[in-house]
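Following: one structure in structure tokens, then a few remarks.
All figures in this text were calculated on a predicted structure; none of them were measured in a lab.
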Amino acid sequence: MKQVRPKKNLGQHFLVDLNIAKRIADTVDEPFADLPVLEVGPGMGVMTQFLTQKPRPLKVVEIDRESVAYLKEHFADLTIIEGDFLRMDLAKVFDGQAFVLTGNYPYDISSQIFFKMLDNKELIPCCTGMIQHEVAVRMAAQPGNKQYGILSVLIQAWYDVEYLFTVEPGVFNPPPKVQSAVIRMTRNAVTDLGCDWPLFRRVVKTVFNQRRKMLRVSLRQLVDKDSPLFTLHASLLTLRPEQLTIRQFVELTNLVAEVIGDRQA
């Protein structure tokens, strides 16, 4: 069977460097080497071939029918789930068992993939793989860095993020116009964030949508401008969102919750 044609509408850039493919596959070995693995978007299986060599259950999910046909021909024993990862019930993939998520993720939906990971964080103690360099930098960014933003805060609330290595465009077919990066996210010790998680996400997204403004300005989208919040916590609210740690975002969420509760009462 001929090779799969990369499709622009699916954001396909097939990795062709076997050394890089093996390095990415090996990121799943630590720290959960006993857990099954789900690979997203295997394409023609350049990374899959190395994952199949590991003594652990493996399943792949692929939305491209041409890629599915190719995988079936070249990987007879591989469990292939044909469909959209973003629409899957992840609790059913390994019958409720936790698993490691990996893949050469389509760049145009990588953030959506990681938001789905967050929604299933109790099932996914580790996530590795390749994404756009710029996104990887944002995910690993620390407070005070201009790259620190929504993705940084929401992921780092539950995961430790490691930027592992950079991948150049020339190892893909077709080459993307940007650099890529391989990352690993490992669940941290947090079991209770200490605030309402949906409100936390809302607060984070609200203030970073006006990231150049002080919190006292951007929070007016959530809180009445005459609220005592703005006088009782004036020093905190003179900061900009990129200056806040995760713990401070938790504190801010609880302050907003108190005010919203009073208003709704």
Side-chain angles (χ1 to χ4, degrees), residues 11 23-43 47-48 50-52 54-63 78-132 135-141 149-165 180-198 200-201 204-205 246:
R23 288 181 68 188
I24 301 172
D26 287 345
T27 63
V28 306
D29 291 341
E30 297 293 339
F32 299 99
D34 58 331
L35 291 182
V37 175
L38 177 65
E39 182 188 3
V40 176
M47 192 168 87
T48 312
F50 298 108
L51 292 171
T52 60
K54 300 180 183 299
R56 55 202 297 184
L58 170 68
K59 294 183 180 182
V60 303
V61 54
E62 177 59 67
I63 196 172
L78 181 64
T79 300
I80 304 168
I81 304 169
E82 184 174 359
D84 184 351
F85 171 79
L86 296 177
R87 295 178 179 272
M88 289 173 57
D89 181 351
L90 299 186
K92 295 180 179 180
V93 177
F94 293 102
D95 297 323
Q97 182 182 0
F99 59 88
V100 175
L101 183 67
T102 193
N104 175 14
Y105 304 112
Y107 293 169
D108 56 344
I109 62 166
S110 60
S111 293
Q112 296 175 59
I113 288 172
F114 299 135
F115 287 137
K116 187 174 180 73
M117 173 193 74
L118 287 173
D119 290 338
N120 293 271
K121 58 186 177 295
E122 303 311 321
L123 279 173
I124 308 175
C126 183
C127 173
T128 78
M130 183 156 53
I131 56 176
Q132 186 175 336
V135 177
V137 169
R138 289 207 307 266
M139 288 167 54
I150 294 172
L151 206 56
S152 320
V153 175
L154 297 185
I155 289 178
Q156 291 178 34
W158 301 104
Y159 289 84
D160 296 326
V161 182
E162 301 172 81
Y163 183 110
L164 298 179
F165 58 92
S180 304
V182 176
I183 49 92
R184 176 165 50 214
M185 293 172 283
T186 308
R187 275 285 275 121
N188 57 30
V190 174
T191 56
D192 181 358
L193 197 57
C195 67
D196 180 72
W197 171 239
F200 180 89
R201 288 182 299 185
V204 170
K205 290 178 180 180
I246 304 294

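Here the NZ-CG distance, from K205 to L151, works out to 10.0 Å after rounding to the nearest 0.5 Å. The CG atom of L164 lies 8.0 Å from the OG1 atom of T128; values are rounded to the nearest 0.5 Å. The CD1 atom of I150 lies 11.5 Å from the CD1 atom of I155; values are rounded to the nearest 0.5 Å. Rounded to the nearest 0.5 Å, atoms CE (M130) and OG1 (T27) are 10.0 Å apart. The distance from the CD1 atom of I63 to the CD1 atom of I81 is 13.0 Å, given to the nearest 0.5 Å. Distance check: L193 CG to I246 CD1 gives 8.0 Å after rounding to the nearest 0.5 Å.
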Please table the atom pairs, donor to acceptor, closer than 3.5 Å between any side-chain atom in residues 115-123 and protein atoms at least two apart or in another chain.
unit_1: K116; atom_1: NZ; unit_2: L86; atom_2: O; d: 3.3
unit_1: K116; atom_1: NZ; unit_2: M88; atom_2: O; d: 2.8
unit_1: N120; atom_1: ND2; unit_2: K116; atom_2: O; d: 2.9
unit_1: E122; atom_1: OE2; unit_2: R187; atom_2: NH2; d: 3.4

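Using bins of under 30°, 30° to 60° and over 60° for the plane-to-plane angle, the ring pair W158/W197 lands in the perpendicular bin.
Contact check for F114 versus M185: side-chain heavy atoms found under the 4.5 Å cut-off. Contact annotation: the side chain of K54 approaches that of L51 to within less than 4.5 Å [non-hydrogen atoms, C-beta and beyond]. Looking only at side-chain heavy atoms (C-beta outward), Y163 and V137 come within less than 4.5 Å of each other. Side-chain contact between T186 and E162 is present, with at least one heavy-atom pair separated by less than 4.5 Å. Between F165 and I24, the closest side-chain pair of non-hydrogen atoms falls below 4.5 Å. Side-chain contact between I109 and F85 is absent, with no heavy atoms from C-beta onward closer than 4.5 Å. The shortest side-chain heavy-atom distance between M139 and I131 falls under the 4.5 Å cut-off. Side-chain contact between Y105 and C127 is present, with at least one heavy-atom pair separated by less than 4.5 Å.
Residues P106 and I113 come closest through the heavy atom pair CD-CD1, 4.2 Å. Considering all non-hydrogen atoms of both residues, C126 and F32 come closest at CB-CD1, 3.6 Å. Across every non-hydrogen atom of F94 and L38, the tightest pair is CE1-CB, 4.1 Å. The shortest heavy-atom contact between P42 and T48 is CB-OG1, 3.3 Å.
E62 places no side-chain N or O within donor-acceptor distance of the main-chain N or O of E39, the cut-off being under 3.5 Å. Between the side chain of R56 and the main chain of V37, no donor-acceptor pair closer than 3.5 Å is present.
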